[in-house]
Amino acid sequence: MKLAAIDIGSNAGRLLITDVVQAPGGEVDFIKTALVRVPLRLGFDVFETGRISPERTEMLLKTLESYRLLMEVYGVKHLKAAATSAMRDAANAAEVVEEIRRRTGIELQVISGGEEARIVYENHIAENLNSQESYLYIDVGGGSTELTFFSDGRLLFKESFNIGTIRLLKNQVPKDAWEQMKDYIKQYTRGHNHVTCIGSGGNINKVFSLSKRKEGKPLNLDGLRNYYKEFSALTLRQRMQLYKLREDRADVIVPALLIYINVMRWADADEIFVPKIGLADGLIHTLYDELSRNEQVRWV
């Protein structure tokens, strides 16, 4: 069975197509078939003007029309599509969502920060980790950072903060927003077992790739600090040339590292695992669960 998820973030739009297969013994495997990313950068409009411009709206529409055609080619039968921080803040979001529905037939849902954090958790990564430990999910996007905290095998909080890479690039994050996130993390992680972080988002995935670490091995806080210092000392073009980064990655990787470093410091965590999860993966799991409850699952 082929499922698809579309994640329209503040920095990029992603299409994930996944084969869901029933393994011997009844277990379900989620096998990624295709992942397409387009740097839409909606946040550059919204965090400055409060609206998505006609030009960027057209870019979004053409991207989704392309995604719809790709899904047809792959034989996708079920789709879940969500938009996050930039669309949450856009005054014309409802108009854009309606135009998307009219032109592409795709029902795009603008989700809250709390819902975004919950959906990322749908990957169930923490359920497979040591129940005696504490784990903090950190999902950094262009417009917001979602935090989800587990300790002793229990979900203790999930929270969204309007601190994201594009907001930082545009100087749209006031000091008190940082203080709010700092106080929240310290308050709710204090007194719990040693905290290990789990990172998601394109930037932490890129840093992990650059680190040449083996899959399943964590990055440490000092290593992230070193990357932050190194990237900060380079111009945008130098980052692109020396590290083979796309421009839309080279500019946001520095503020992303700043967010990860601060969250880890405030949680008193010294390691972060990077299992290559994200909102699109969570949307796939959510869609599968919905289909299962509605008894619409057909193994083909």
Flag yes if more than 12 heavy atoms outside [X] fall under 6.0 Å of its [atom1] atom; otherwise flag no.
| X | atom1 | result |
| --- | --- | --- |
| D268 | CG | no |
| E27 | CD | no |
| K170 | NZ | yes |

Give the ring-plane orientation class for F150 versus Y137, where under 30° counts as parallel, over 60° as perpendicular and anything between as tilted. tilted

Name of the residue among Y184, W178, W266 meeting ring pair (Phe, Tyr, Trp, His ring centres under 6.0 Å) with F161: Y184

Hey, does [Y] have a side-chain heavy atom less than 4.5 Å from the side chain of [X]?
| X | Y | result |
| --- | --- | --- |
| R56 | L40 | no |
| Y260 | C197 | no |
| L60 | E99 | no |
| H194 | D270 | yes |

For [Y], is there an ion pair with [X] - N to carboxylate O distance below 4.0 angstrom?
| X | Y | answer |
| --- | --- | --- |
| D183 | K186 | no |
| D281 | K32 | yes |
| R68 | E65 | no |
| R88 | E116 | yes |
| E58 | R103 | yes |

If Ile, Leu, Val, Met, Phe, Trp and Tyr residues are connected whenever their side-chain heavy atoms lie under 4.5 Å apart, and connections chain through other members, are L79 and L61 in the same group? yes

Answer with yes or no whether the hydrophobic clustering places V252 together with V46; edges join I, L, V, M, F, W, Y residues whose side-chain heavy atoms lie under 4.5 Å apart. yes

How close do [X] and [Y] get, heavy atom to heavy atom, and via which atoms?
| X | Y | result |
| --- | --- | --- |
| Q238 | A233 | OE1-O, 4.4 Å |
| I8 | L42 | CG2-CD1, 3.6 Å |
| L70 | I17 | O-CD1, 4.5 Å |
| T189 | A267 | OG1-CA, 4.0 Å |

Looking only at the side chains, is there a donor atom on one of E146 and S160 sitting less than 3.5 Å from an acceptor on the other?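 E146 vs S160: donor-acceptor pair found between side chains.
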
